[in-house]
Each structure stands twice: as structure tokens, then as C-alpha cells.
Number of protein chains: 2
Amino acid sequence: MIDKLEFLLALARERHFGRAAEACGVTQPTLSAGVKQIEEQMGVLLVLRGSRFQGFTPEGERVLEWARRIVGDTRNMRDEINALRHGLSGRLRIAAIPTALAMVAALTTPYREKHPNVQFTILSRTSVEILELLENLEIDAGITYVENEPLGRVSMIPLYHEHYRLLTSADAPLGTRDSVTWAEVAQVPLCLLTPDMQNRRIIDRLLKSAGGDSRPTLESDSMILLFSHVRTGRWASVMPEKIAQTLGLTDNIRAIPITTPNAVQTIGLVVPQREPMTPTTAALVEVAKKVAPGLHD
Amino acid sequence: MIDKLEFLLALARERHFGRAAEACGVTQPTLSAGVKQIEEQMGVLLVLRGSRFQGFTPEGERVLEWARRIVGDTRNMRDEINALRHGLSGRLRIAAIPTALAMVAALTTPYREKHPNVQFTILSRTSVEILELLENLEIDAGITYVENEPLGRVSMIPLYHEHYRLLTSADAPLGTRDSVTWAEVAQVPLCLLTPDMQNRRIIDRLLKSAGGDSRPTLESDSMILLFSHVRTGRWASVMPEKIAQTLGLTDNIRAIPITTPNAVQTIGLVVPQREPMTPTTAALVEVAKKVAPGLHD
DNA sequence: ATGGGTTGATAGGCAAAACCTATCAATGAT
DNA sequence: ATCATTGATAGGTTTTGCCTATCAACCCAT
């Protein structure tokens, strides 16, 4: 029964019988039969078909919601019993927005000291993708903005504040200043993240309300790429203070505070709102709460 | 998998492999094999055996906790989909403390008007048993005291207040009074519920703190039995106002308010704290909330 | 229009599982 | 010592689950 519910979850993820079957490690007819069997048990059509997958019926959506919960709880049960036997072990899957990648180590390092048998998988994703992955049980926790765009059924633990800096060469026009305004930044050609990233949308908003428009000369989904351009001394960018520090400032590159407004975004750990959590996730929340006091910086 | 978890729940209820198997509609070897299979999947012994059932291991207790949730959610899913198809239907299982039995009709009657296809099963149980039944998913809702003894993971909706009355013949010593004190009541030979009922424990407490001791001349677990004795005119009892009214007062029998203190107990609807609820249960909560305004009486 | 490519349903067959009956071993009570 | 109770085990049958192969509907392009 639970396997069949997993079929349904895979189908919701992949929106394709064949791929969903592959994801579950079965053949397409097997998955089809499984879905049909749930439909028979429930006595309702759950999936709209018409020679191809066309989404779920309203009943299907409800079953999906329950399936997520039931499948999730079943995994949590397994994990918890495993933890009782072997101490914390297994794999913790985390996804973080690119600008937060630099601070993930602040969580994983103390975590690993307490629970050396836990392995990590850490993905770089957009804030929207992170929420989807959480929803689909594909990650255990996310690190993303906690206050801007709506989150789902999740708990969040604030981790730190994102302060923005203009990264630019000391030779460049604004390079010698101690602080600059967003209006001034709006005049500079910038390297920024792509618009699917929330960080970019935030910066666009700030630039716009300072009267500029956002015409970055270069876009990328990789912070490394942005930073490597800045490092040549011939490009500028706007980045959170933390990641600029982590990537390392050379003598020639300066990270100048941007004022008017002094924009601040809170970044936090986001975990599924479910009681009780897996022991590995609960331990991560513990670590996050210890790290959080460094929230005022 | 879910079937196996149900085996485990049945075993926890029955504490006996054979009876648990019967309750699940399978033979004893099948249930034994099912339990063993879960143990193998988890990699831990869950049940302590020694030629007979001896309880659960700590891991077993945890699995049991999860199993309750998973099995419960699975049933809720079924119920919800059924409700989407046929409107509210099925069976609503309620257990109430004896003193609250008279007011159950105040819930079932408006419920039935809205949802005529729902059938009811209503059990008379002690408050402790009600909580156990809720825990084991054997009832959907309970009606019991909401403030005295600790409840578990449940939501409660207050329904009404229980005020105590001395039921006695007008010929009896206190029979002509407009109110009596607990100290006076303590002098009268009473018919009361058995001590496993919380109502009895509450009355005992009140009598004791009024300086009396509780030596009822007659104990029973049936309100009907108590009331029929009072009705002879030769016995007295302490009962909540509501049930005395419902059972019907003859000219000769009076229900006299008891003061000093003017004891009040809140009775409420208690349902599993789980989101979302089954549609039938949710509808019951709705009805209860409408009834609740009558809470001040 | 028509043919190739895609997608999900269907049919047939085999292996695994789930379940039953019958029986056994251990324990406890009389 | 004997019998009753309880859960485990063995052996056999049915059911389920899954696979391969194939089909029908549809989409799109030529």
C-alpha cells in the first residue's frame, strides 16, 4: 500500500508515467497498475489521463496530500529506529540558496562533530525549488529567505542577516568610498545572479526603488562565476557580506556597505513542519538554534 | 506494510497474538509472521516474547507511536475521499462518560439533520477508557472532563458545565431545602457511581474537603440504576443537573443545588489532535462549537 | 493526409508473497 | 505428572506483484 502511494508521489513529481516508474525502480505497467489499484480502493479516479498524463482530479490532489504525509511519516519512523540502534546515521539532504552556501559549513561542522556518522548531500537551488523539494520529501531541510515570499507548511529557524555590499575594484569610480547608496549602485554595470534567484529579485527591487533599473552586464546562476569576474578588477557586483568575506577579498577588491536603505534580509533553516521530526533533522535544528545567536551581526 | 502496522496496533490492544490476529481477521501465524517482518525491516526486536506476549521493547513503543499515526492517517484519507464522493457518510464512533450521556443527543440531533447518512455508535465509558480508545483509534471522539486529569494529544471543545445537585425525596431530611452544602450532603447516605468513574472521584473530593467521608450505601456504573433507586423516594444521590433533568423529576423528587463550594466541572468534546481531521469528525467539531455557546448555564 | 514518435493501457506468464491448516515446543497451572 | 495455553514452525495453496511484449490513441511533422 505504501509503495503504491509512493508511485503516486513520483507521478506527481515527474508528471509522466514512464519517468515516475523509473524513479520508483519499476516498469511503467507496474506503476500504472499500482495507481489503478489505489483508484479502485478509493473508488474514485485520481489521475486524469488522455493518452498522456494530464494532472490529478480534485480527489487525487487530496490523496496526494495524504500520501505525502503517510510516506513521510513512514520514512521518519525508519530513520528514528535506525538512530536508536546506531546513533545518528544516514544522510542529511540539504538545499541552500547560492548566497547562503558559504554559511552552510557553520551548520555542518558542529553537526559533524556531534554526529560523525551522518553524511551530507548539499544542493544549490533557488528558493522556489527548495520549497518544492521540501514538499516532495526530496530534501530534509532548506536554507533560504524566511520572510519575503510565502513558505508552505514548514518551520523556520533564523540563522543570520544578509547585508549587501558593493564588490568592486579600488580603482573603479566608487572604489574608494566608505559607503555608497543604492542610487549610486544603480549607475554601475553589475554582475548579478539570474532572475530566477530570489537574491536577484531583491536587489532588482532595491535598485528600482532607488530610481535605477537593473541592466546587469552579466548574469549567472553561480556565485563563483560572479566572484571570479569581480576579482579581475574590471567587474562589479552586489553580494551579501558573508559570502564576499568567505570567498576572500584581495587588497584590490573592496566590499563597500550600501545604504539608503540599509537593506537586510533574514536567512533561515527551513524544515518540514511535522511532529516529531527525524532525529537527524531534529539535531540539525538544534545546531541551527545554537548558531542563531550570531544572528545580530 | 500498512496492514502489518495494523497487526502491531492490534497486538498492543489485545496483548495476545491469537486475539490480535482474530481482531485483524487473519490467523495467528499470519500475524506472527507480519510482526516478525516489521522487526526484520527495522532490524530491531519490537515485541518481547517468552512463550507468551510480554510487552514491547523501547523501539517497539516508538514504532507503535508511528504506526498509530500512519494507520490513522490512512483511514482519514479513505474517509475524506469517501466524503467527497458520497457526502458525509460512514460511522462516527463516540464514547462518553455516563454523566454526559444525556447531552450526547444535543450533538447527534443537529448532526443528523445536516448529515443524515452518518451512523453513530455511542459507548458509555470511564474518562480513562475514553482516552485509551481515542489513542487506539477505536473511537473518533470522546465526551469527558476537559480540565481535571491529564489528556493526551487531543483537541478539546468545551460543551457545557456540570453543576451538582442533591437528588432526594421531598420527605427526606434535606428534602425541603432550596440549597444544601457539601458538608450537609456528606451526612446523607448516597447512591454514587463506582470509583473508576471520574465523576465519583470528583464528588469524593468535594465531600472530603467538606469534612465528610464518602461511604455510599450503593455504587453502580449505571446512571439509570442510580436514578431508579432515587426515584423510589428512599435513596439519595448527587448528580449533574443536566442528567437529572433529562431523566425526569417527579413531583416527589427534588434536585437541590449544592453550595460551599459551588463546584463546576467543564465537559467537552475531545478529538485526536491531527490535521486535517476526518470530515465526519470535523463536522462533529463544528456542531460542538455551535452547541458550546450554551456553555454558560 | 500520412507516417514516425511518444505515451499510457492491456495481455500473458512467472516468481514472490501472503495466508491458511496442521503441528510442535515451551510454559504454567492443577 | 498432566493438561491447557500460547506463540513458533512447516508445508502447501492462492494471490499479488512485476516483467516483457504488444497495442491503441494521440501528436506532430512532412
Side-chain angles (χ1 to χ4, degrees), chain A residues 1-61 63-64 67 70-71 74-75 77-78, chain B residues 1-61 63-64 67 70-71 74-75 77-78:
Chain A
M1 179 76 211
I2 289 180
D3 316 334
K4 317 291 173 61
L5 292 179
E6 300 216 37
F7 289 176
L8 217 59
L9 291 186
L11 187 56
R13 254 200 324 274
E14 307 286 347
R15 305 186 66 79
H16 185 288
F17 279 73
R19 284 196 297 277
E22 194 184 6
C24 294
V26 297
T27 59
Q28 171 263 317
T30 299
L31 187 128
S32 284
V35 171
K36 179 180 274 185
Q37 192 183 322
I38 299 182
E39 288 180 325
E40 276 163 13
Q41 280 185 25
M42 296 283 167
V44 207
L45 215 66
L46 302 177
V47 178
L48 296 166
R49 302 118 150 139
S51 98
R52 61 180 53 230
F53 177 85
Q54 288 183 313
F56 292 87
T57 64
E59 291 88 352
E61 296 285 353
V63 170
L64 219 51
I70 293 166
V71 169
T74 307
R75 293 188 192 162
M77 173 173 70
R78 289 215 160 76
Chain B
M1 179 74 210
I2 290 179
D3 318 333
K4 316 293 172 65
L5 292 179
E6 300 217 38
F7 289 177
L8 219 58
L9 291 186
L11 187 55
R13 253 199 327 272
E14 307 286 348
R15 305 186 68 78
H16 185 289
F17 279 74
R19 283 196 298 277
E22 194 184 7
C24 293
V26 297
T27 59
Q28 169 263 316
T30 300
L31 187 129
S32 283
V35 171
K36 181 181 273 183
Q37 191 184 323
I38 301 183
E39 288 181 325
E40 273 163 16
Q41 279 185 26
M42 296 284 168
V44 207
L45 214 65
L46 301 177
V47 178
L48 295 167
R49 299 117 150 144
S51 97
R52 59 180 56 230
F53 177 84
Q54 290 184 311
F56 292 88
T57 64
E59 291 88 354
E61 295 286 353
V63 170
L64 218 51
I70 294 167
V71 169
T74 307
R75 293 189 192 161
M77 173 173 70
R78 289 214 160 77

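Quick note on labels: first sequence line is chain A, next is B, and so on, each numbered from 1. The figures that follow rest on heavy atoms only: side chains count, while hydrogens, waters and symmetry mates do not.
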Roughly how many Å is it from CE in M1(A) to C1' in dT16(D), rounded to a whole number?
15 Å
Check each of L46(A), T57(A), V63(A) against E39(A) using the side-chain contact (heavy atoms from CB on, under 4.5 Å) test, and report the only one that passes.
L46(A)
Mind calculating the distance between NE2 (H16(A)) and C1' (dC27(D)) to the nearest angstrom?
13 Å
Determine whether R75(B) and E6(B) make a side-chain contact, defined as any pair of heavy atoms from C-beta on separated by less than 4.5 Å.
yes
Stepwise, does the side-chain contact (heavy atoms from CB on, under 4.5 Å) test hold for F53(A) with H16(A)?
CA-CA 6 Å; F53(A) 177 85; H16(A) 185 288; 5.7 Å; no
Has Q37(A) got a side-chain N or O lying under 4.0 Å from the OP1 or OP2 atom of dG17(D)?
yes
Looking only at the side chain of F17(A) (C-beta and beyond, no hydrogens), which of the listed nucleotides dT6(D), dA9(C), dC19(C) gets closest?
dA9(C)
If I compare all heavy atoms of E14(B) with all of R19(B), which pair ends up nearest, and what's the gap?
O-NH2, 3.3 Å
Does dA8(D) have OP1 or OP2 under 4.0 Å away from a side-chain N or O of R49(B)?
yes
With the side chain defined as heavy atoms from C-beta on, Q28(B) is closest, among dG17(D), dG8(C), dG7(D), to dG7(D)
So, do Q41(A) and I38(A) sit near enough that their side-chain heavy atoms are less than 4.5 Å apart?
no
Identify which nucleotide among dG7(D), dG8(C), dC19(D) has an atom closest to any side-chain atom of T30(A), counting heavy atoms from C-beta outward.
dC19(D)
Using whole Å, what does the distance between atom P of nucleotide dA17(C) and atom CD of Q41(B) come to?
11 Å
Whole-Å distance separating the CD atom of E22(A) from the P atom of dC19(D)
12 Å
Just how far, in rounded Å, is P of dG8(C) from CZ of R19(A)?
8 Å
Go nucleotide by nucleotide along DNA chain D from the 5' end; which of F53(B) and G25(A) gets its closest nucleotide reached first?
F53(B)
Nearest-angstrom distance from the residue atom CD of E14(A) to C1' of dT7(C):
15 Å
Please check the phosphate of dG7(D) (OP1 and OP2 only) for any side-chain N or O of K36(B) closer than 4.0 Å.
no
Please determine if a side-chain N or O atom of T27(B) lies less than 4.0 Å away from the OP1 or OP2 oxygen of dC20(C).
yes
Output the rounded distance in Å from CG (L45(A)) to C1' (dG8(C)).
14 Å
Length of the CG-P vector between L11(A) and dG8(C), whole Å
8 Å
